[in-house]
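Below is one structure, written out as structure tokens; comments come after it.
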Amino acid sequence: QVQLAESGGGWVQAGGSLKLSCAASGRTFSNYVMGWFRQAPGTERELVSAISYSGSNIYYTDSVKGRFTIFRDNAKMTLHLEMSSLKPEDTAVYYCAAASVPVLLQRTRILSGLKYDYWGQGTQVTVSS
């Protein structure tokens with residue numbers, strides 16, 4: 001199992017930037033695809049971005065492409081999401097999540113189709129216009 005804890009949320013004006021971080025604890029970090037989800041009030045939780053252990057397989061939802069960057073520091077067992085050019089529609093609770101996938105299979109898996117079993121508590125991001 002893996003335990004996840006997010007940090008870095010907050011309030012920012014439109015056009016600004018924020019960086020989210022997620023600290024993982026547990027074993028075998030290499031066997032987890034890591035992702036960021038978000039959920040705004042009255043909407044379903046959506047996958048924003050995901051990354052394989054090696055970083056060779058990355059997914060972004062269309063609405064954040066070119067604005068958000070996901071990366072992970074495997075030695076520190078951390079996941080990050082750098083968000084720039086933020087828009088009011090990016091306002092949501094952001095969750096760090098992990099999907100258990102053997103590391104050798106991660107390169108070819110469709111990251112948006114995985115089952116993410118492990119979740120952090122979420123961190124609020126508010127973008128004002």
Side-chain angles (χ1 to χ4, degrees):
Q1 285 195 347
V2 61
Q3 292 78 44
L4 305 171
E6 303 95 338
S7 61
W11 177 90
V12 65
Q13 287 189 322
S17 301
L18 278 176
K19 180 181 177 181
L20 304 183
S21 296
C22 174
S25 60
R27 299 168 61 182
T28 322
F29 191 58
S30 59
N31 283 340
Y32 293 96
V33 169
M34 301 297 297
W36 288 99
F37 285 75
R38 67 185 178 188
Q39 186 169 22
T43 69
E44 292 188 356
R45 190 174 297 186
E46 67 165 340
L47 177 63
V48 175
S49 183
I51 186 170
S52 63
Y53 180 76
S54 69
S56 62
N57 191 356
I58 292 178
Y59 167 86
Y60 293 104
T61 193
D62 286 346
S63 62
V64 308
K65 286 180 181 177
R67 300 190 298 122
F68 290 11
T69 301
I70 190 171
F71 61 99
R72 58 195 288 172
D73 184 333
N74 293 323
K76 297 181 179 178
M77 293 180 63
T78 56
L79 174 72
H80 306 278
L81 186 69
E82 291 189 338
M83 306 183 294
S84 62
S85 302
L86 283 162
K87 305 175 181 180
E89 51 264 42
D90 294 317
T91 295
V93 178
Y94 283 71
Y95 298 89
C96 174
S100 179
V101 179
V103 64
L104 294 180
L105 300 180
Q106 293 179 18
R107 187 173 63 87
T108 57
R109 297 296 293 271
I110 306 299
L111 303 186
S112 58
L114 298 176
K115 185 173 185 294
Y116 291 80
D117 291 320
Y118 304 97
W119 296 86
Q121 79 285 357
T123 185
Q124 177 70 45
V125 171
T126 302
V127 183
S128 65
S129 58

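The shown structure was predicted, so the numbers you read here are calculated from the model rather than taken from an experiment.
- The structure places OH of Tyr59 at 10.5 Å from CD1 of Ile110, a figure rounded to the nearest 0.5 Å.
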Practice item. Decide yes or no on side chain to side chain contact (heavy atoms under 4.5 Å, CB included) for Trp119 and Arg45, but give the supporting numbers first. Key: CA-CA 12 Å; Trp119 296 86; Arg45 190 174 297 186; 3.2 Å; yes
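- Rounding to the nearest 0.5 Å places CG of Leu4 at 9.0 Å from CD of Gln121.
- Rounding to the nearest 0.5 Å places OG of Ser129 at 9.0 Å from CD of Gln13.
- Residue Leu79 holds its CG atom at 5.5 Å from SG of Cys22, rounded to the nearest 0.5 Å.
- A ring-centre distance under 6.0 Å is not found for Tyr116 and Tyr95.
- Trp36 and Tyr118 fall within the same hydrophobic cluster, defined by Ile, Leu, Val, Met, Phe, Trp and Tyr side-chain heavy atoms under 4.5 Å apart, directly or through other members.
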* Start with the C-alpha distance between Arg38 and Asp90, add both sets of side-chain angles, then the distance that settles side chain to side chain contact (heavy atoms under 4.5 Å, CB included), and finish with yes or no. => CA-CA 9 Å; Arg38 67 185 178 188; Asp90 294 317; 2.9 Å; yes
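- Rounding to the nearest 0.5 Å places OH of Tyr53 at 12.0 Å from CE of Met34.
- A continuous path of ILVMFWY side-chain contacts below 4.5 Å connects Leu86 to Val48, so both sit in one hydrophobic cluster.
- By the 6.0 Å contact criterion, CD on Gln1 is open, its count of non-hydrogen atoms from other residues, nucleotides or ligands being 12 or less.
- Between Tyr94 and Phe68, the angle of the ring planes lies from 30° to 60°, which puts this pair in the tilted group.
- Once rounded to the nearest 0.5 Å, the distance linking CG of Leu114 with CG of Leu47 reads 9.0 Å.
- Phe29 and Leu111 sit in two unconnected hydrophobic clusters of ILVMFWY residues. Membership requires side-chain heavy atoms under 4.5 Å apart, directly or through other members.
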